[in-house]
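To start, the structure under review is shown below, and the notes come after it.
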Amino acid sequence: MSGFEQYMKAGDRAKATSNFDDASKLYEKAIDCLKSSSQRHPLPPIINLATCLRELARYNEAEQILMQCLGDDHQSDVSVDDPLYAKALTTLAALYQAQSKYEAAKEVHEKAVSIARNIQKSRSNLMLAENIAGYAESLRKSGDLSRAEEYHREALEIRTCAVEKRSCTELELAVSYTQLGCTLSGMGKDQEAYAQHHLALGLRYRYLDFSHGLVSESLNYCAESLCALGRGGEGIPLALHAVDIRKAIFGTSHPAYAHTLSVLASCYHAVGRFCDARDLLEQCLEICEVAFQQNHANIIPNLMNYGEVLRSTGDLSKAKGIFERAIAIHELNFNEGQQASQLEKCKSEVAELEIQSLESSIHCTLKHSPLTISDVKVKGTPVVVFTDIGRDVDDELALVSLSCLRRRCELNPVAVITTLSPEGDRAQLARGLMDILDMADVPVGIGSAGGVADGVELEVYDANYVRTSQSINEDGMDLVYQTLESAPPKSVQVLCLASMSDVATMIRDQEILFTSKVKEVVIMGGVQSMDDDETLSPDTAYNNNCDMKAARFVYDKCQALGVPTATLSRWAAYGCPIRPLLLDELAKTDHMSARNVQRVSKQGVDQLWNKVILPESDLRREKLPGRCDVKWFYKTFIGKWKAPGDSYPQSIWPQVQKLNMYDPLAVLLCIPAYRRLYFDCKVKVVNGVSHVVVGTSEADNGIVNPDLLYNEYASLFFTALQRSLHKQAVVQAIIPANGRRRLSNFTRHNSGDLAGAPTRSSWTF
């Protein structure tokens, strides 16, 4: 293989993965190889190089090398066949289009399409489809949407014919679906636009790696269409994954990355996260101002979004100025009548803002909507969650399962409060996780240090979806009180997956509100022997141990005030462990949370191991109970005690056979139907009120059927992760707690329920 061929193939591989920087360098080397040879046309590497430079926003360089071959009159100075010449013209037209030179782009495209029609007789020829689609894109961006739709449908017809004749894969159809979807969106046909983008996304899921740039393109356009349909919350997980992929491919200064930020901003705006949307659009515009030439037409939609968001925050004066700038840029780029609806929208906004007060009043936190009895019946039981997310992955998986139960209208999370120092960092992790799980509209608040001494900060694991957000409530307890005040009597469940410091504060400060609105407190913790006393008392479980005084106070007050409690102990978690292989299977969904849970689990188990092997008096054990020693670890995670030898291994992960998911089980305990199906509840009646305990000892762990329960919460994980990415039904291989492989179809097409699970309504996309 010649040097030229090697560089071309390597460049093609890099280009196919959107690595345009490396691809451009390889094509330059291929061109250098041709300088001493006249046997090959120089246009193929030049066309590919120009395409890469365009993707890198290096427009002047791309135009210069194309014009050297085509000349100012678009006539090639080398001997080329017509298909190659047409491809060069199409590349030049796409370059003009990227620079908002729409009239020049249409002129060159018309020439290329004419050549392609003359030489391509077959209605299944992809080159003809490419030229027609390129022309349609220039028509679309110049505002001629009706003609653009006509040409895009013709290109789709040609590509469909090619697929039927097996002259290409059906992945080629995704190009037409995407381009037609964008055209329909511009025409206000949002439902049909979403259908086209979803078809493209399905094909790209099927044939491409999740990290591919084209997958991010379809995620982005699906999110944009959902937002236009009033379903912006559903679009947020898609947009966040698109941002993550494009950041890895393009970096943070590329227009493609800026576009994902703009779409994400629109989705946040739709769910009332105005300041988050504003911050993203300011970042987007900063990128565009550098990447595009001054007053580029591509900036106009971002300016319009920014103006609308500023208006929602209350910054009316600035919003008016932004719309005025959009009008000025429009008039510089378009002839009269082109993109008329865009111009009309901007002028209408300015006119409305002129008659309004331009005093600024910025609003950033999520508005709290009152809950009605009807809401409880339709949306499920309202739940206030206290979590120390970031310590271990079971808090994260609890929220994953909660998102699925929310979709099924079983539970309705109305507030998530993070506790345990550093509580603010945990809030940022919770906020990001809720966003990628289609719960961006659920408020997150910052609680207390959770019993940790002043100045001490425990670890919080990292994730690429951690979000600093002005929507996070700095006073988490105030958020809790607002939530309870807006709820019907005896309707709210309090779910405590962490230290009980904040629950104790709630009871102490707002006892009447607590007793009137809370119907039950569900606790991940543990109690002392139920036979030892007439009331329940907390044991040495980790969550209790973080603030034992608060734990005793909560149990005493709930029993005295007649507020029921339901406690799930560590014994229950030991009775239904999972195998690490489940985390590997979850990671195959490509969801950011699943990949992070897989990574953090290994890291977390090793960190726990390195605390366990320390002497009980060592401060580095933090709040770890003394009973958690090496023998306990082996029995809990490996299955049997085996002396580790002369020295302890630094990483114990390869030996781990089972993991305990405490918090997801506590989530399931909140639902009466699950409670009846999977848990053997012991009851302590105090002052005429029943208090439930699941798992009173190693011998009585309170789990009725561990295999069925394991399969149930595994299905909740899969469903939540796949639904948030709008993936089609797939069959996942699951390893139950007993180690036998079981195949379960964990997601359904469009509607349906999990086998054996309680349900209120069918699921829909």
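Note that these values count all heavy atoms, side chains included, but never hydrogens, waters or copies made by symmetry. Residues: numbered from 1 along the sequence shown.
Atoms CG and SG, from Leu280 and Cys275 in turn, are 11.5 Å apart once rounded to the nearest 0.5 Å. Between His254 atom NE2 and Ile249 atom CD1 the span is 10.5 Å, to the nearest 0.5 Å. Atom CG of Asn464 is separated from atom CZ of Arg595 by 6.5 Å, given to the nearest 0.5 angstrom. Distance check, rounded to the nearest 0.5 Å: OG of Ser253 to CD of Glu286 gives 10.5 Å. Here Leu402 contributes atom CG and Asp663 contributes atom CG; the two are 11.5 Å apart, rounded to the nearest 0.5 Å. The distance from the CG atom of Leu238 to the CD1 atom of Ile436 is 11.5 Å, given to the nearest 0.5 Å.
For the pair Ser569 (side chain) and Val694 (backbone), a donor-acceptor distance under 3.5 Å is present. Here the side chain of Thr260 pairs a donor or acceptor atom with the backbone of Tyr257 at under 3.5 angstrom. The closest donor-acceptor contact from the side chain of Thr589 to the backbone of Leu586 lies under 3.5 Å. Asn473 places no side-chain N or O within donor-acceptor distance of the main-chain N or O of Asp475, the cut-off being under 3.5 Å.
Side-chain polar atoms of Asp584 and Gln598 form a donor-acceptor pair below 3.5 angstrom. With 3.5 Å as the limit, one finds a donor-acceptor pair spanning the side chains of Asn544 and Asp539. Glu282 and Tyr306 are linked by a side-chain donor-acceptor pair at a separation below 3.5 angstrom, with hydrogens and angles left out of the test. Looking at Tyr461 and Arg391, their side chains never bring a donor and an acceptor atom within 3.5 Å of each other. Looking only at atom types and distance, the side chain of Asn543 has no donor-acceptor partner in the side chain of Ser499 under 3.5 Å away. With 3.5 Å as the limit, one finds no donor-acceptor pair spanning the side chains of Thr419 and Asp388. A donor-acceptor contact under 3.5 angstrom links the side chains of Asp478 and Gln482, judged on distance only.
Considering only heavy atoms from C-beta on, Tyr465 comes within 4.5 Å of Ser593 through its side chain. Two residues are said to be in side-chain contact when any heavy atoms from C-beta on lie closer than 4.5 Å; Tyr205 and Asp590 fail this criterion. Between Val630 and Ile613, some side-chain heavy-atom pair lies under the 4.5 Å cut-off. The shortest side-chain heavy-atom distance between Met548 and Pro538 falls under the 4.5 Å cut-off. The shortest side-chain heavy-atom distance between Val383 and Asn412 does not fall under the 4.5 Å cut-off. You'll find the side chain of Leu495 stays beyond 4.5 Å of the side chain of Phe386, heavy atoms only. Two residues are said to be in side-chain contact when any heavy atoms from C-beta on lie closer than 4.5 Å; Val309 and Leu281 meet this criterion. Contact annotation: the side chain of Ile417 approaches that of Leu479 to within less than 4.5 Å [non-hydrogen atoms, C-beta and beyond].
Comment: Arg426 does not engage Asp395 in a salt bridge, judged by the lack of any side-chain N to carboxylate O separation of less than 4.0 angstrom. Look at Arg204 and Glu217 and you find a salt bridge, because one of the NZ, NE, NH1 or NH2 atoms lies within 4.0 Å of a carboxylate O, short of that distance. The pair Asp22-Arg13 fails the salt-bridge criterion, with no side-chain N (NZ, NE, NH1 or NH2) lying under 4.0 Å from an Asp/Glu carboxylate O. Contact check on Arg407 versus Asp438 returns a salt bridge, with a Lys/Arg side-chain nitrogen under 4.0 Å from an Asp/Glu carboxylate oxygen. Remark: Arg231 does not engage Glu224 in a salt bridge, criterion side-chain N to carboxylate O under 4.0 Å.
Checked against a 6.0 Å centroid threshold, the rings of His259 and Tyr221 count as neighbours. Centroid-to-centroid, the aromatic rings of Trp609 and Tyr648 come within less than 6.0 Å. You'll find the ring centres of Tyr634 and Phe637 outside the 6.0 Å limit.
For Tyr481 against Thr505, the heavy-atom pair with the smallest separation is OH-O, 3.7 Å. The two residues Thr418 and Ala430 come nearest to each other via the heavy atoms CG2-CB, 3.8 Å. Shown here for Ala551 and Met500, the closest heavy-atom pair between the two residues is CB-CE, 3.6 Å. Minimum interatomic distance between Tyr674 and Leu668 (heavy atoms only, all atoms of both residues): CB-O, 3.4 Å. Nearest heavy atoms, Ala573 versus Leu665: CA-CD1, 3.8 Å. Residue Val400 comes nearest to Ala720 through the heavy atom pair O-CB, 3.2 Å, listed as atom of the first residue, atom of the second, then distance.
The salt bridge (Lys or Arg N to Asp or Glu O under 4.0 Å) check on Lys602 picks up Asp606, with sequence neighbours excluded. In this structure Thr636 satisfies the side-chain contact (heavy atoms from CB on, under 4.5 Å) test together with Tyr574, Trp632, Asn660, sequence neighbours excluded. In this structure Glu396 satisfies the salt bridge (Lys or Arg N to Asp or Glu O under 4.0 Å) test with no other residue, sequence neighbours excluded. In this structure, the salt bridge (Lys or Arg N to Asp or Glu O under 4.0 Å) partners of Arg620, at least two apart in sequence or on a different chain, are Asp618.
For the side chain to side chain donor-acceptor pair (under 3.5 Å) with Ser216, the lone residue among Arg246, Lys247, His241 that qualifies is Arg246. The salt bridge (Lys or Arg N to Asp or Glu O under 4.0 Å) test with Asp441 singles out one residue from Arg273, Arg406, Arg431, and that residue is Arg406.
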From CA spacing to verdict: side-chain contact (heavy atoms from CB on, under 4.5 Å), Leu624, Leu608: CA-CA 9 Å; Leu624 196 64; Leu608 177 61; 3.9 Å; yes
Check against salt bridge (Lys or Arg N to Asp or Glu O under 4.0 Å), Glu459 and Lys611: CA-CA 13 Å; Glu459 74 270 11; Lys611 291 176 185 176; 3.2 Å; yes
Step-by-step side-chain contact (heavy atoms from CB on, under 4.5 Å) determination, Leu583 to Ile578: CA-CA 9 Å; Leu583 305 185; Ile578 68 169; 4.1 Å; yes
Ignoring hydrogens and angles, write down the donor-acceptor pairs under 3.5 Å from the side chains of residues 446-457, residues two or more places apart or on other chains.
residue	atom	partner	partner atom	Å
Ser448	OG	Gly450	N	3.1
Ser448	OG	Asp502	OD1	3.0
Ser448	OG	Asp502	OD2	3.3

Which atom pairs, one a donor and one an acceptor, fall under 3.5 Å between side chains of residues 263-271 and the rest of the protein, sequence neighbours left out?
residue	atom	partner	partner atom	Å
Ser266	OG	Ser262	O	3.2
Ser266	OG	Asn305	ND2	3.4
Tyr268	OH	Asp435	OD2	2.6
Tyr268	OH	Arg467	NE	3.1
His269	NE2	Ser312	OG	2.6

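Atom CD of Glu289 is surrounded by more than 12 heavy atoms from other residues, nucleotides or ligands within 6.0 Å. Around the CG atom of Asp209, the shell of radius 6.0 Å holds no more than 12 heavy atoms that belong to other residues, nucleotides or ligands. A 6.0 Å sphere centred on NZ of Lys635 holds no more than 12 heavy atoms belonging to other residues, nucleotides or ligands.
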